[in-house]
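As structure tokens, the structure follows; a few thoughts come after it.
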Protein chains: 2
Amino acid sequence: MARTDDRFRIAYQDLLTVMATQPIGSDLPPELVLADQLSISRTTVRAVLTAFAKAGLIVWEGRKKTILRMPTAKDRLAMRDEYLPREELEQRFLKWVLRFDVPAGTPLNVAKLAKEFSVPPHALQEFLSGLSQFGLVTRRPRGGWSLLGFTADYAVELSEFRAVLELNAVRTLVHLPRDHPIWQKLTELEQQHENLAARIDTDFHDFSPLDEAFHHTITSVVQNRFVKQFQKVISLIFHYHYQWDKRMERSRNEAAIGEHLAIIRALRSGDEQAAAQAATAHLATSKETLLASLRVNALIADAP
Amino acid sequence: MARTDDRFRIAYQDLLTVMATQPIGSDLPPELVLADQLSISRTTVRAVLTAFAKAGLIVWEGRKKTILRMPTAKDRLAMRDEYLPREELEQRFLKWVLRFDVPAGTPLNVAKLAKEFSVPPHALQEFLSGLSQFGLVTRRPRGGWSLLGFTADYAVELSEFRAVLELNAVRTLVHLPRDHPIWQKLTELEQQHENLAARIDTDFHDFSPLDEAFHHTITSVVQNRFVKQFQKVISLIFHYHYQWDKRMERSRNEAAIGEHLAIIRALRSGDEQAAAQAATAHLATSKETLLASLRVNALIADAP
DNA sequence: AGAATGTTTTTTGTATAAAAAAAATAAAAA
DNA sequence: TTTTTATTTTTTTTATACAAAAAACATTCT
């Protein structure tokens with residue numbers, strides 16, 4: 001009927017655990033200090049203190065808040081059937097979109113989806129509005145939303161955009177001075193790659209996090225909020241698919257390791273052209289892999 | 001109290017004008033056809049027809065909708081004090097942000113702003129959520145919004161990002177076959193630039209639209225939804241500032257025309273390096289201009 | 001039979017209300 | 001005078017209600 005009291009409940013729990021470390025009879029700090037500690041407003045602190053007094057945990061008179069007894073299991077406040085936090089909604093929704101190769105233009109029912117994902121309708125609305133920036137959904141001309149879906153077209157354009165950003169990073173990186181920390185990091189990555197290459201037969205599953213680390217390191221030399229914005233989505237989509245398509249995983253990863261090593265060496269040579277070429281080659285492979293996994297997915301979806 | 005009947009009112013008007021072209025006594029087409037013509041649902045068509053019948057404009061019996069008389073000025077339906085359309089809100093808000101060089105972290109009051117911009121609070125909320133993608137505003141940890149503002153840092157990063165996208169476009173463009181329509185367009189642009197250069201003393205104001213056309217043409221060779229997403233904001237911010245900072249407008253524009261012409265010629269030469277160099281030079285100038293206008297703005301704001 | 005209309009059911013967008021939390025202000029105690 | 005608490009005012013956030021619009025379904029007419 002109104003906004004949730006999640007914040008209050010969290011603060012209640014937190015203060016309970018804080019109190020457990022204090023001896024009986026001691027006084028709690030001033031409201032403002034508590035508010036600061038719990039990262040909430042004083043208003044909420046007072047609400048919690050009032051609840052504590054009611055539960056007989058403390059006596060609260062003026063500026064004295066004396067602990068009466070230790071909290072027990074019974075004092076814990078259950079969270080109400082809670083909504084998903086934003087982050088999780090994002091993850092779940094993206095997986096839903098990526099997994100089910102929905103046809104372009106599928107209409108979305110906000111009310112139903114909100115229930116399904118157990119979030120308030122506005123939250124979903126806002127989330128969709130955010131997603132529309134990435135072109136995965138769009139507002140229909142006459143109200144409502146339409147899921148454009150993760151189509152082959154989309155994958156191609158995403159790959160191309162990724163290539164633009166990453167080539168830019170490579171071109172920047174290659175000219176950085178030799179005492180820049182990036183070179184040390186590249187050396188470490190090189191070792192990790194060589195290490196994994198040696199035991200690829202058994203540990204080819206370990207490649208996915210290494211891949212993410214590699215690309216993240218390369219792109220980290222470009223400190224730009226717009227670039228970073230997209231890198232987040234790109235990495236999410238690419239890696240989600242990566243760990244999902246299990247065909248030929250071993251050989252694919254082995255080849256990718258080789259390409260990564262080639263890029264590192266080209267970077268170290270200081271030759272911009274060579275580095276760009278190596279990166280382009282790898283990005284092209286990556287794109288093909290993504291597209292192939294899409295095709296397989298489509299086949300699976302079509303099968304009876 | 002409920003959703004607005006804007007759609008109904010628009011349909012009412014539209015049907016009025018459609019009817020004005022028909023002779024008295026003729027019949028209107030079936031509901032489904034009208035719905036299609038007016039791009040609304042049949043339900044709304046029926047609501048409009050009912051209103052028409054009540055107003056004595058038509059007799060509606062079964063599937064016969066006969067025009068009784070020509071509509072007069074009195075039949076027009078006034079739109080209710082309407083909200084701003086989304087597009088306009090975007091424009092107004094951006095101008096507001098760009099004009100007043102607000103300090104980073106200024107809290108935004110959604111309710112007040114919504115009133116000020118005369119939009120429903122949700123619309124503003126959603127709009128802010130969209131803007132947060134561009135890093136102009138951010139959601140504060142404990143609710144509410146905070147305006148990060150259009151700072152020098154922001155301008156620098158935006159310029160850099162623009163450079164990345166535009167250099168990519170240039171690199172693509174230079175290798176396009178000679179029968180691609182882009183070359184024809186470039187020739188036209190070249191003529192327009194030379195034309196303007198000849199009369200720059202009097203018409204230097206005409207440069208802004210030409211600049212927009214130039215950059216739009218260059219970037220149009222990259223068909224990528226992510227690129228386009230950003231191009232919109234970039235163009236908006238750059239051109240808003242462009243037409244705002246009036247210092248040395250004439251000489252600035254003259255110089256820019258020269259740089260544009262240099263880019264066109266370098267592109268035509270087919271030399272990727274040369275083209276990239278010319279584009280880089282121009283983008284650097286552009287960045288400086290943007291930063292300079294920001295500094296002037298700050299001085300004006302600080303003055304008593 | 002097929003097209004058009006009448007009716008019912010869903011869905012969406014907006015306004016309003018109410019609770020929770022934050023912020024601001026006033027008052028009191030140390 | 002400074003710190004802490006009490007009170008009041010704003011602001012944010014969710015829930016609910018309801019009209020408008022769309023879509024689905026049923027019926028009627030030609």
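The shown structure was predicted, so the numbers you read here are calculated from the model rather than taken from an experiment. Lettering of chains follows the sequences in order, A, B, ..., and the numbering in each one begins at 1.
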Just to confirm, is there a sub-4.0 Å distance from OP1 or OP2 of [N] to any side-chain nitrogen or oxygen of [X]?
{"X": "B/Asn109", "N": "D/dT12", "result": "yes"}
{"X": "B/Ser41", "N": "D/dA22", "result": "yes"}
{"X": "B/Lys65", "N": "C/dT5", "result": "yes"}
{"X": "A/Gln125", "N": "C/dT12", "result": "no"}

Note to self: For the backbone of A/Ile40 and the side chain of A/Thr44, can you confirm whether one donor and one acceptor N or O come within less than 3.5 Å of each other?
What the structure shows: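 Checking the backbone N and O of A/Ile40 against the side chain of A/Thr44, no donor-acceptor pair under 3.5 Å is found.
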
Check: Hey, is the main chain of B/Leu38 close enough, under 3.5 Å, to the side chain of B/Asp14 for a donor-acceptor pair?
Finding: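 Not a single qualifying donor-acceptor pair exists.
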
Spacing between [X] atom [atom1] and [N] atom [atom2], to the nearest angstrom:
{"X": "B/Lys112", "N": "D/dT12", "atom1": "NZ", "atom2": "C1'", "answer": "14 Å"}
{"X": "B/Asp6", "N": "C/dT14", "atom1": "CG", "atom2": "P", "answer": "9 Å"}
{"X": "B/Arg7", "N": "D/dA21", "atom1": "CZ", "atom2": "P", "answer": "7 Å"}
{"X": "A/Asp27", "N": "D/dT4", "atom1": "CG", "atom2": "P", "answer": "13 Å"}
{"X": "A/Asp36", "N": "C/dA23", "atom1": "CG", "atom2": "C1'", "answer": "14 Å"}
{"X": "B/Ile10", "N": "D/dA21", "atom1": "CD1", "atom2": "P", "answer": "9 Å"}
{"X": "A/Leu32", "N": "C/dT25", "atom1": "CG", "atom2": "P", "answer": "16 Å"}
{"X": "B/Lys64", "N": "D/dC29", "atom1": "NZ", "atom2": "C1'", "answer": "13 Å"}

Look at the side chain of [X] against the base of [N] and say whether a donor-acceptor pair falls under 3.5 Å; ignore hydrogens and angles.
{"X": "A/Thr44", "N": "C/dA20", "result": "no"}
{"X": "B/Thr4", "N": "D/dA20", "result": "no"}
{"X": "A/Arg63", "N": "D/dT4", "result": "yes"}

Next item on the list: Could you say whether B/Trp145 or B/Ser39 is positioned toward the 5' end of DNA chain D, judged by the nucleotide with the nearest heavy atom to each?
Entry: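 Checking each residue's closest nucleotide, the 5'-ward one belongs to B/Trp145.
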
Notebook entry, point to check: Given the side-chain rings of A/Phe226 and B/Phe226, with only the six-membered ring counted for Trp, is the space between their centroids under 6.0 Å?
Noted result: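 Between B/Phe226 and A/Phe226, which both carry aromatic rings, the centre distance is not below 6.0 Å.
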
Check: What do you reckon, are the aromatic ring centroids of B/Phe230 and A/Phe161 less than 6.0 Å apart?
Finding: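 No, ring centres 6.0 Å or more apart.
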
Margin query: Here's a test of your reading of the structure: between A/Arg42 and A/Phe8, which maps to the more 5' nucleotide of DNA chain C?
Written below: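 Checking each residue's closest nucleotide, the 5'-ward one belongs to A/Phe8.
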
Check: Which residue lies toward the 5' end of DNA chain C, B/Thr43 or B/Val33, if each is placed at its nearest nucleotide?
Finding: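 Its nearest nucleotide being more 5', the pick is B/Val33.
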
Check: Under a 4.5 Å cut-off applied to non-hydrogen side-chain atoms, are A/Lys65 and A/Leu49 in contact?
Finding: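 Answer yes - side chains close enough.
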
Notebook entry, point to check: Counting any heavy atom closer than 4.0 Å, what does A/Trp60 reach on the DNA or RNA strands: base, sugar-phosphate only, or nothing?
Noted result: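 Result for A/Trp60 = sugar-phosphate.
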
Note to self: Over all strands shown, is B/Leu108 touching base, sugar-phosphate only, or nothing at heavy-atom distances under 4.0 angstrom?
What the structure shows: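 Answer is sugar-phosphate: B/Leu108 comes under 4.0 Å of backbone atoms only.
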
Item checked: Paired nucleotide for D/dA22 [Watson-Crick or G-U wobble; both distances under 3.5 Å] ->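 WC or wobble partner is C/dT9.
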
Checklist line | Proximity to the side chain of A/Arg46 - top-ranked nucleotide from C/dT5, D/dA22, D/dT7 | finding: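 Closest nucleotide to the A/Arg46 side chain: D/dT7.
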
Note to self: Test: salt bridge (Lys or Arg N to Asp or Glu O under 4.0 Å). Region: residues 35-60 of chain A. Which pairs qualify, not counting sequence neighbours?
What the structure shows: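 Every pair satisfying salt bridge (Lys or Arg N to Asp or Glu O under 4.0 Å) with a residue in residues 35-60 of chain A: A/Glu31-A/Arg42, A/Glu31-A/Arg46.
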
